[in-house]
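Written below as structure tokens is the structure these notes are about.
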Amino acid sequence: MTPAHVVPVRPDFSEADIQEVLAAVRTCLTTGQLTQGAQVEAFEAEMARYTGARHAVAVASGTAALVCGLRALAGEAGGEVLVPANSFYSTAAAPLLAGLRVRLTDVDAGTLAPGVRELEQAVTDATTGVLIVHMGGIVTPDIEDIAAWCARRGLWLFEDCAHAHGSRLDERHAGTFGAAGAFSFFATKVITSAEGGMVTTDDDELARLVRLYRNLGKPEPWRSIHTVLGENARMSELHAAVGRTQLRRLDEFLAVRDRLARRYTAGLAGMRGVRPLLPGHSPASWYKYVVVLDPGVDRRRLRERMRDAGVQLGGEIYEMPLDAQPVFEGRFPAGEYPVAADLCARHICLPLHTRMSEHDTDIVLRALDKALADPDVTLPPRH
């Protein structure tokens, strides 16, 4: 098998970024301030300013952002949260870890997210909130309608923005449409702090509670008096230093990703067997460039042919719906989310990152076109 020339993910650090991080790490090691110090405080302020949120609270991971945010939103009341069936493990696991019950919803094929219709079909008297995911960085055009629907029903709306750094709809940043948003800075994301997450909110009390839950339930950070059942979800100074350099370059990254995505879109026009799933807003994070395959295309063989041509496709979002994950066996009714299941089974994600060139996108497009012409990959349509 040919080693991949075009790969799906490569974090982008300039030499200036590296030197800035090393200087910050040296300061942290010299002073002994390794957690919850000046770097974290600055990262939080910069993230709040960038997103337009009143508060941004740094935590140890994207999953921690979901768990701490959900604990702050739900409190002791618990209840049931609606979660899209085509999301990542953490979107369903975090509510369970926060003491909530999960009810899955199907999604709209054009947005990868549930709309009001799907939420109406799933809501019950036990529902207390909705967790919306901006899949691939796409903010559903229904988000304001969803927020209004939640408000009418007395439900909170929490946005999973793990893919949506920089994504804006009508000049509003992802994470500002509901009560709060949760971001991930894992190594594969649009920007990274290696590990880390952030909760954004305009609610002063919600921000206070997230800070409480992230630090073992201690109102005073350095005194061991605990008032709620919190966890150690703090972000280190070292991770914050990395994240700050990335956030500063986010607009630069978005411009490159947008240029590459536009080249993909132009190259896919008229290509048989595929349909790109595009955001209806700009800027978009372009965390993933999603292509839906025709029913006759064998995704496994397509990935193999692409790899043989030197192209490694990105991971799907996601390969299987949550009800099919072994960890959730018996927890959710199986097979009741046909749109989500179909999308999970019939899409690929083209490589897209800021170290790619336009020449790289052309290699991907040629490899895809050739693979789709392979009779072992694409079955003839049935008549």
Would a hydrophobic clustering, with Ile, Leu, Val, Met, Phe, Trp and Tyr connected at side-chain separations under 4.5 Å, put Tyr89 with Val59?
no

According to a 4.5 Å side-chain heavy-atom criterion applied to Ile, Leu, Val, Met, Phe, Trp and Tyr, with indirect links allowed, do Val139 and Ile146 form part of one hydrophobic cluster?
yes

Would Leu155 and Leu82 satisfy side chain to side chain contact (heavy atoms under 4.5 Å, CB included), going step by step from the backbone distance to the final call?
CA-CA 10 Å; Leu155 309 177; Leu82 303 184; 5.6 Å; no

Exercise: do His281 and Asp170 side chains pair donor with acceptor under 3.5 Å
no

Residue of the set Val83, Val81, Thr105, Leu119 for which side-chain contact (heavy atoms from CB on, under 4.5 Å) holds with Val130
Leu119

Relative to the ring of Trp156, is the ring of Phe158 parallel (under 30°), tilted (30 to 60°) or perpendicular (over 60°)?
perpendicular

In this structure, would Val291 and Ile363 fall into the same cluster of hydrophobic residues linked by side-chain contacts under 4.5 Å?
yes

Please say whether more than 12 non-hydrogen atoms of neighbouring residues, nucleotides or ligands are located less than 6.0 Å from CZ in Arg117.
no

Set out, in order, the CA-CA distance, both residues' side-chain angles and the distance that settles ring-ring contact (aromatic ring centres under 6.0 Å, His included) for Tyr287 and His134, then state yes or no.
CA-CA 10 Å; Tyr287 173 62; His134 302 311; over 10 Å; no

Backbone of Val242 reached by a side-chain donor or acceptor of Thr245 within 3.5 Å:
yes

Would Glu205 and Arg208 count as a salt bridge (charged side-chain N to carboxylate O under 4.0 Å, His left out) if you check the C-alpha gap in whole Å, the side-chain angles of each, and the deciding distance to 0.1 Å?
CA-CA 5 Å; Glu205 176 61 10; Arg208 183 190 72 81; 2.7 Å; yes

Could you tell me how the ring of Phe183 sits relative to the ring of His173: parallel (under 30°), tilted (30 to 60°) or perpendicular (over 60°)?
tilted

Between the side chains of Asp360 and His5, does any donor sit under 3.5 Å from an acceptor?
yes

Between the main-chain N or O of Arg331 and the side-chain N or O of Glu329, is there a donor-acceptor pair closer than 3.5 Å?
no

Candidates Arg234, Arg214, Arg244, Arg49 - the one meeting salt bridge (Lys or Arg N to Asp or Glu O under 4.0 Å) with Glu44:
Arg214

Any donor and acceptor pair, going by atom type alone, linking the side chain of Glu237 with main-chain N or O of Cys28 inside 3.5 Å?
no

Would you please say whether a donor-acceptor pair under 3.5 Å links the side chains of Gln36 and Trp222?
no

Out of curiosity, does Leu365 fall in the hydrophobic cluster containing Val256 (side-chain heavy atoms, cut-off under 4.5 Å, transitive links)?
yes

Please determine if Arg172 and Glu159 form a salt bridge, counting it only when a charged side-chain N lies under 4.0 Å from a carboxylate O.
no

Examine Val339 and Leu293 and state if one hydrophobic cluster contains both, with Ile, Leu, Val, Met, Phe, Trp and Tyr joined whenever side-chain heavy atoms are less than 4.5 Å apart.
no

Assess whether a salt bridge exists between Asp294 and Arg272, defined as any Lys/Arg side-chain N lying under 4.0 Å from an Asp/Glu carboxylate O.
no

Do the side chains of Glu20 and Arg248 get close enough for a salt bridge, i.e. N-O under 4.0 angstrom?
yes

If you count the non-hydrogen atoms of other residues, nucleotides and ligands that lie under 6.0 Å from CD in Glu358, is the total more than 12?
yes

Restricting to non-hydrogen atoms, name the atom on Ala371 and the atom on Leu302 that form the minimum distance, rounded to 0.1 Å.
CB-CD1, 3.4 Å

Of Lys288, Arg303, Arg300, the residue whose pairing with Glu316 passes salt bridge (Lys or Arg N to Asp or Glu O under 4.0 Å):
Arg303

Gln246 side chain vs Asp12 backbone, donor-acceptor pair below 3.5 Å:
yes

Spell out, as yes or no, whether a donor-acceptor pair under 3.5 Å connects the side chain of Thr378 to the backbone of Ala373.
no

Answer yes or no: does atom CG of Leu34 have more than 12 heavy-atom neighbours from other residues, nucleotides or ligands under 6.0 Å?
yes

The residue among Asp202, Asp203, Asp204 that forms salt bridge (Lys or Arg N to Asp or Glu O under 4.0 Å) with Arg54 is Asp204

Assess the side chains of Tyr337 and Asn86: does a donor N or O sit below 3.5 Å from an acceptor N or O?
no

Note: Asp362-Arg366 ion pair, threshold 4.0 Å (strictly below):
no

Any idea which heavy atoms bring Glu80 and Thr127 closest together, and the distance?
OE1-OG1, 2.5 Å

Yes or no on side chain to side chain contact (heavy atoms under 4.5 Å, CB included) for Arg299 and Glu319, after CA distance, side-chain angles and deciding distance?
CA-CA 11 Å; Arg299 182 167 66 185; Glu319 183 180 2; 3.9 Å; yes

Are more than 12 heavy atoms from other residues, nucleotides or ligands located less than 6.0 Å from atom CD of Glu41?
no

